[in-house]
Each structure stands twice: as C-alpha cells, then as structure tokens.
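Only one structure is covered here, and it is reproduced in the block below.
In what follows, residues are counted from 1 in the order of the sequence shown.
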Amino acid sequence: MDNSVSTRVKLSVLAVGLLSFTGILIETSMNVTFPTLVRTLNVSLGTVQWLTTGYLLLTTIVMSTTAYLLKKFDPLKIFIFATICCFIGSLICLMAPDFPVLMGGRLLQAISTGLSTPLMFNLIFEEIPSSKLGLYTGLAGIVISLAPALGPTYGGVINGIWTWREIFVGVLPLIILLFVIGIFTIHGTARGTKGITFDYLSVVGLAIIFSVILFTFDQAGRYGWTSSQFLLWVLGSIVIIGLFAWYNHHSNRQLIDFSILKIPVLRLRLFGYFSLQFINIGLSFVLPIFAQTVLKLDSAQAGLMLLPGSLLGAAVGPIAGYMYDKRGAWMPLLISGLLITAGSGLFWIQSESLTMSGIIWIYLLVRIGFSMGFGVSLSDGSVQVKGSKKSDQNSLYSMMQQYAGSLGTNVLSVVISAVALTSGTKNNVLNTIAGAKIDFAILTVLSLLVLASIVYIYFRYEKQNN
C-alpha cells in the first residue's frame, strides 16, 4: 500500500492551515491593541473586549455547523468562501472608521476561522494515510498552538512601529497567496446530506448555551461566587442545557451526531483535548498579566517571555505525532499528562515567588506537555469513528477546542476579578498573586484529571487489545 503523501495534498493542507493560522494570529494580535483602541475609537474597555469575545463565540458557533457543511459542500467551495470572508473582513477592519464597523469585519474573520480550522483537519482525515495521521495532526496542532503565542508579539511590534491598522495590511498578501494555492490543490467531493436535515434550532441553542455560560462566570467576577446573581445564572444555565439535551434527543434533525460521545475512548480523548486547550490559552492569559502587574515587566517583555516555550512546543508536536504513528497513544499522552501536571503544580507552589526566568522554564514544561498530547488526543479520537461520522467528530472537537480557549480566558480572569472584589484590599499586586494562585490550583486539578483519563483508557481499553 502506498503511504506517501502527494505534493498536491501537502499544499492543500498548507493553504487551509495557514488561513486558519492567519485568523488566530489576528485574534491574539488585537488583544494587545485594546488600550489604543479605547483611545482612538472612544469606547470603553468592556466594549472593546467584544472584539475577542464576539469573535470567539461566532467562531465556535460556525464550527458547530461544519459537521453538516462538510457533508453538504465540496471542500474547495468552503475554502473559497472562507478565504473571501477573511479578505473582505481584513479590508473592513483596515478601513474601519468606528467600533461597529471594526466589529463587523472581525465577525467576518470569525466565519473564516470557524470554517477553515475544521476543513484543515477534514482534509487530513480524508487524504492522509492512517500511518501518517499522527504526524500531520501534530503539524496541524502547530497552527492552533503557535498562532496565539506569536499574535501578541506581532500585534505589539506592529502597533508600536505603526498603528493597529497595519496588523491587517500585513496579512492581505498572504490571504491572496493562500487563495491561489488552494484553488489549484484542494480537491474532493462532499459525502452528501441524504437523510439529514440541517438543525437551525440547535445552532441557536448552542449559541445561547455558549453565551450564557460565559455570562454566568462574568457574574462571579462582578458580584462574587456566592452572590445571588451568579447563583441565578448558574441555575438558568443548567435549565437551558437540560432543555437543549432534551431537544437534541427527541429531534429528527441533526447538527452534530452527539451519539458518537457514547464511545468511551472518544469521549475521554475529547475531555483531554478540551482541557489541554483550556490550560494552554488560560496560561497565555494569566502569565502576561502576572508578569506586568507583579513583576513590573512591559508588554513586550511579557509577550516574549512565553515565546521560547511556544516555539519549543511547536517543534515537539510533529515528534509526538510520529511517536503515535509508530507506537500508539499511550507514551506521548503519558508524557503529556505528567509534564503538564508538573508544570501547573510548580506554578501553583511557586506562585508567590515566581520570577521571569522561573516562568520561562516552567512554561517550557507546560508547552512541551501540551504539544505532546494535543494533536495525539485528536488523532486517537478520530480513529474511533468511521465514514461520515468523522465529520461529526471533527466538528465536535474543533468546536470544543475553540470554546475551551474562550472559557479558559473567561474563567481564569473571573477568578482574579473575584479575588479583588472580596479580598478587602485594593493592593493590585497582592490581589493578582492571590488570584493567580487559585488559577494555577484550578489548572493543576484539571491536569490531574487529564492524566487520570489517560491512565484509565490505557488500562481499561488499550492494554487489553495489545
């Protein structure tokens, strides 16, 4: 059997992957421009933050539809639409005279990223031989993990030398180049949607659920964890999730085939995949705040502080994929679980005495652990299903990965805000240290749960089959 990968397939994955990379890069680049945008657009910081929150929400919602869209439309058509959205959205942002227009451009870019990321993995699952699946998902993992790390550096440098608008100038030629490459290399036909009706109500339901969960944690940051406002939102979230579950169980329509979650290995790998991204994006939010508030570093130093770990982690991803292709999921995932637990635990234990060098070295551990497990969790989840259900698995994983980043940022920021609200002191340094310590404890517990799921799957399922 020929296990080689043609140049055409490599270029098609590259085109879609870099389109997704561009969207994520712009997203994280914009975060460092918020103080500038508050002044130049004359809006509040709370309003400006919707450039990220709204973007992440819409990206997640679009990803929830891709299980159906990847069956309905040919890959090339989806790519063309996503590229056009990204290009037009970038042009709108470049020329935006005010916040509403800028927000509109960002939402178009969200549609692009929401389509391109699942499409990238779908091309890999459809066209890459199983013997090289781990390697290519590891490479694809670089797109997801490296762009958030490079974004603040790119945005900070561009905004410092020119203005925030030049962030969009820099990506326009790349989008045109990717469009040309994709036109000539992306092949394939849709599997078809015979017998499947698109479930518009599920899209609305998921949008409400994702929004309500974010707003629920926001109440804790505003009023405290024991406030009536937070508890009422928790109750409302539970009711809404219950109604959605009941509807999804009884509906004849289908957005995502959630029955695949009955497969234990797929379900636990999804938990690991979600948790790793939660930890990854959460730390990339907490550590720069800690560095600037407690260690008194400037924004450029805080961004560069995370760069060594991000670059080394990116290099580790394909190695982990190669290990998976040769020996299976156990070893790379065990290394991942041990390293990310050790790193999170060290952040927790050392939170009151962290230095810049300490953060760099511990973050190296976490990033290697993340990269060892992230792509492998996706690869091992994908082999649990066959045929048309692969698009459901792909959409579900992509959707939850995206939401993990949004939820991670939201929850960990709320913890710091809630500590400041209830501590009884206005000392920002002490409040940040206390809040970060709780954040690190949360991430340590989550890491231990991921490690436990890895060990459980091995002894319950994998070892018995060896």
Side-chain angles (χ1 to χ4, degrees), residues 28 56 141 144-145 148-149 152 213-214 217 220-221 225 268-295 302 305-306 308-310 312-313 316 333-356 358-374 376-377 400-420 431-455:
T28 52
L56 289 171
I144 297 172
S145 61
I213 290 174
L214 291 178
F217 283 104
W225 296 100
L268 290 172
R269 292 294 188 236
L270 175 61
F271 169 74
Y273 190 68
F274 178 92
S275 300
L276 287 173
Q277 184 70 339
F278 185 103
I279 295 167
N280 174 44
I281 300 299
L283 280 177
S284 69
F285 168 79
V286 172
L287 292 177
I289 289 178
F290 186 95
Q292 292 178 73
T293 305
V294 179
L295 304 181
M305 178 183 69
L306 305 182
S310 300
L312 183 59
V316 167
L333 287 181
L334 178 63
I335 295 171
S336 170
L338 291 172
L339 288 181
I340 206 160
T341 301
S344 299
L346 284 171
F347 275 130
W348 179 26
I349 295 169
Q350 299 292 322
S351 57
E352 295 171 350
S353 58
L354 280 173
T355 62
M356 181 178 179
I359 290 175
I360 291 173
W361 284 108
I362 298 173
Y363 190 66
L364 277 170
L365 282 180
V366 173
R367 285 295 305 183
I368 294 173
F370 168 81
S371 297
M372 287 295 293
F374 191 64
V376 173
S377 296
M400 297 311 296
Q401 165 263 315
Q402 187 69 29
Y403 193 63
S406 179
L407 190 62
T409 301
N410 182 260
V411 170
L412 299 188
S413 65
V414 161
V415 168
I416 295 176
S417 298
V419 167
N431 288 335
T432 301
I433 292 174
K437 188 178 183 71
I438 297 173
D439 282 341
F440 296 144
I442 292 171
L443 298 184
T444 302
V445 172
L446 189 58
S447 300
L448 285 169
L449 291 174
V450 172
L451 180 59
S453 73
I454 293 166
V455 174

Donor-acceptor pair, distance only, cut-off 3.5 Å: does the side chain of Ser453 make one with the backbone of Val450? yes

Return the minimal non-hydrogen interatomic distance between Arg367 and Ser310, and the atom names on each side. NE-CA, 3.8 Å

Using the side chain to side chain donor-acceptor pair (under 3.5 Å) criterion, which residues pair with Ser447? Sequence neighbours excluded. Ser344

For the residue pair Ala434 and Val419, what are the closest heavy atoms and their distance? CB-CG1, 3.8 Å

For Ile416 and Ala436, which heavy atoms make the closest approach, and how far apart are they? CG1-N, 4.2 Å

As an exercise, state the distance from CG of Leu276 to OG of Ser336, rounded to the nearest 0.5 Å. 5.0 Å

Set of residues satisfying ring-ring contact (aromatic ring centres under 6.0 Å, His included) with respect to Phe217, sequence neighbours excluded: none

Any chance you could measure Lys437, atom NZ, to Phe290, atom CZ, to the nearest 0.5 Å? 10.0 Å

Looking at Gly369 and Leu339, what are the two nearest heavy atoms and their distance? CA-CB, 3.8 Å

Please step through side-chain contact (heavy atoms from CB on, under 4.5 Å) for the pair Trp361 and Thr355, ending with a clear verdict. CA-CA 10 Å; Trp361 284 108; Thr355 62; over 6 Å; no

Leu354/Ile362 under side-chain contact (heavy atoms from CB on, under 4.5 Å): CA gap, chis, key distance, verdict: CA-CA 10 Å; Leu354 280 173; Ile362 298 173; 4.0 Å; yes

What are the two closest non-hydrogen atoms of Leu446 and Ser275, and how far apart are they? CD1-OG, 3.5 Å

Who are the side chain to side chain contact (heavy atoms under 4.5 Å, CB included) partners of Leu287, not counting sequence neighbours? Leu283, Met305, Leu306, Phe347, Ile359, Tyr363, Phe440

Side-chain (Ser351) to main-chain (Trp348) donor-acceptor, under 3.5 angstrom: yes

Note, Ile368 side chain near Ile335 side chain (heavy atom, < 4.5 Å): no

Rounded distance [0.5 Å steps], CG in Leu338 versus CG in Leu333: 11.0 Å

Just how far is it from atom CD1 of Ile349 to atom OG1 of Thr444, taken to the nearest 0.5 Å? 7.5 Å

Taking all heavy atoms of Ala220 and all of Ala418, pick out the closest pair and write down the distance. O-CB, 3.8 Å

Could you measure the distance from the OG1 atom of Thr293 to the CG atom of Asn431? Nearest 0.5 Å is fine. 10.5 Å

For the OG1 atom of Thr341 and the CD1 atom of Ile279, what is their distance to the nearest 0.5 Å? 7.5 Å

May I have the step-by-step check of side-chain contact (heavy atoms from CB on, under 4.5 Å) for Phe278 and Leu443, ending in yes or no? CA-CA 9 Å; Phe278 185 103; Leu443 298 184; 3.9 Å; yes

